[in-house]
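Working notes, structure below.
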Amino acid sequence: MPLLRTIERRIEAIFEGAFGRAFRAHVQPVELARKLAKEMDDHRTASVTRVYVPNEYTVYLSPDDHDQFSSYEEALCKELQEYLSEHAQREHYALPSAPHVVIETDEDLEIGVFGIATKMARTAQDVPIPEPAPTPSFETTAFSPDIPIDAGAASYALVYPGGRFPLQGDVIALGRARECEIHLSDPNISRRHAEIRLDGGSYAVVDLGSTNGTELNGQRIKNARLSDGDVIAIGQTELTFVRE
């Protein structure tokens, strides 16, 4: 029996046997494993010779679902990490490091509903990782006629109601999740809604498959370069890209 199937059966045996009755109305551990593998598949990025996949996964559960795992959460995370490692090996994916899975509580989720956030994180031993390519879409993509910004020659910031965020680093996440660099409480914004990326010496805004989408200067976009004065709209919040 392939090792991947063995791990899946082991998860079923451990968590659907003695604990099976407790999970009839809750999230099932095996369901988490399968959805994590799907997220790995959906977020793969092709380079010249390899196909990279995320190595960090955060599972968001309702308070009641999270409580069900509290006594063996560490063991479950270890099983899920092993499951992802074997899935990556089977599909010939490249990982920056061994998969890491954590479970967190989201007060907005109902019983039986869960979310998964992925991240490709670098470590000191990592090889360079290519930035994810824009997701193919039939939505309008806005292209600015301006000369691309030389991000190294000037400083830029995002200005929004109640805040101003100087842009530093290669990737700045925008969303409702607390781990986002720009944390926004707008309920119309997804947990990880969009990113500002430094790409080829200029900044770009990239929608992360958000529920309500991202607009740039009134046009719905998936990936677009930014120019001084551009207005990004996510949910009911507007952020202006400015040169400092």
Side-chain angles (χ1 to χ4, degrees), residues 7-8 11-12 14-16 19 22-44 52-88 95-123 126 129 132 163 165 169 171-196 206-212 214 234-235 237:
I7 295 171
E8 184 171 325
I11 294 175
E12 290 176 347
I14 293 174
F15 297 105
E16 291 185 352
F19 303 103
F23 287 107
R24 287 177 182 173
H26 297 271
V27 172
Q28 299 286 339
V30 172
E31 184 182 8
L32 291 179
R34 292 168 179 164
K35 293 298 185 182
L36 283 166
K38 184 177 185 300
E39 287 296 301
M40 177 179 281
D41 293 337
D42 290 346
H43 291 84
R44 59 187 184 270
Y52 288 93
V53 290
N55 56 328
E56 291 193 0
Y57 298 80
T58 302
V59 178
Y60 295 95
L61 300 173
S62 70
D64 288 338
D65 279 322
H66 200 172
D67 286 345
Q68 297 292 327
F69 299 109
S70 59
S71 62
Y72 45 90
E73 181 176 327
E74 183 177 352
L76 175 59
C77 288
K78 184 177 180 180
E79 290 285 348
L80 293 173
Q81 288 165 181
E82 186 176 354
Y83 184 90
L84 287 174
S85 293
E86 294 301 328
H87 181 72
L95 286 158
S97 63
H100 181 64
V101 177
V102 296
I103 299 176
E104 295 188 4
T105 300
D106 187 335
E107 301 288 343
D108 295 333
L109 295 178
E110 299 178 356
I111 294 177
V113 179
F114 63 93
I116 298 175
T118 65
K119 182 179 180 181
M120 195 178 295
R122 296 175 174 86
T123 66
D126 291 341
I129 303 169
F165 189 91
V171 180
I172 296 92
L174 293 74
R176 287 191 300 109
R178 293 183 180 87
E179 63 267 23
C180 290
E181 284 78 8
I182 300 181
H183 172 65
L184 301 167
S185 59
D186 185 341
N188 296 294
I189 294 176
S190 299
R191 290 189 59 82
R192 289 184 64 86
H193 194 107
E195 289 180 347
I196 304 298
V206 180
D207 184 81
L208 300 179
S210 62
T211 301
N212 295 319
T214 300
I234 58 176
T237 303

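Within the 4.5 Å cutoff, no side-chain heavy atoms of L80 are placed close to those of Y57. P29 has its side chain within reach of F69: a pair of non-hydrogen atoms, C-beta onward, lies under 4.5 Å apart. The closest side-chain heavy-atom distance from V53 to L95 is below 4.5 Å. Contact of the L174 side chain with the E195 side chain is not registered, since no non-hydrogen atoms from C-beta on lie closer than 4.5 Å.
Proximity of a side-chain donor or acceptor of T211 to a complementary backbone N or O of S190 within less than 3.5 Å is not detected. Judged by distance alone, with hydrogens and angles left aside, the side-chain atoms of N55 form a donor-acceptor pair with the main-chain N or O of A121 at under 3.5 Å. A side-chain donor-acceptor contact under 3.5 Å links D65 to the backbone of G112. Formation of a donor-acceptor pair under 3.5 Å by the E181 side chain with backbone atoms of A173 is found in this model. A donor-acceptor pair under 3.5 Å is formed between the side chain of H183 and the backbone N or O of A177.
In this structure, D67 CG and L61 CG are separated by 10.0 Å, a value rounded to the nearest 0.5 Å. In this structure, the separation between CD1 on I172 and CD1 on I196 is 7.0 Å, given to the nearest 0.5 Å. Between the CD atom in Q81 and the CD atom in E56 there is a gap of 10.5 Å [rounded to 0.5 Å]. Within the model, atoms CD of E73 and NE2 of H66 stand 3.5 Å from one another, a figure rounded to the nearest 0.5 Å. Rounded to the nearest 0.5 angstrom, R34 CZ and L36 CG are separated by 12.5 Å. Atom OH of Y60 is separated from atom CG of L109 by 10.0 Å, given to the nearest 0.5 angstrom.
With sequence neighbours left out, the salt bridge (charged side-chain N to carboxylate O under 4.0 Å, His left out) criterion links R44 to no other residue. K78 meets the side-chain contact (heavy atoms from CB on, under 4.5 Å) test with no other residue; sequence neighbours excluded. Listed by chain and number, the residues in a side-chain hydrogen bond (donor to acceptor under 3.5 Å, both in side chains) with S85 amount to none (sequence neighbours excluded). In this structure N188 satisfies the side-chain hydrogen bond (donor to acceptor under 3.5 Å, both in side chains) test together with D186, sequence neighbours excluded. Listed by chain and number, the residues in a side-chain hydrogen bond (donor to acceptor under 3.5 Å, both in side chains) with D42 are K38 (sequence neighbours excluded). Every residue two or more places apart in sequence or in another chain was checked for a side-chain hydrogen bond (donor to acceptor under 3.5 Å, both in side chains) with E104, and none qualifies. Every residue meeting the side-chain contact (heavy atoms from CB on, under 4.5 Å) condition with H43, not counting sequence neighbours, appears here in chain and number order: E39, P54, T118.
With V101 as the partner, the side chain to side chain contact (heavy atoms under 4.5 Å, CB included) test is satisfied by one option alone out of V59, L76, L32: V59. Considering D106, T58, L208 in turn, D106 is the only one that fulfils the side chain to side chain contact (heavy atoms under 4.5 Å, CB included) rule with R191.
Residue pairs meeting the salt bridge (charged side-chain N to carboxylate O under 4.0 Å, His left out) criterion with at least one partner in residues 107-116, sequence neighbours excluded, are D108-R176.
Ring pair Y83/H87 is parallel by interplanar angle, where below 30° counts as parallel and above 60° as perpendicular.
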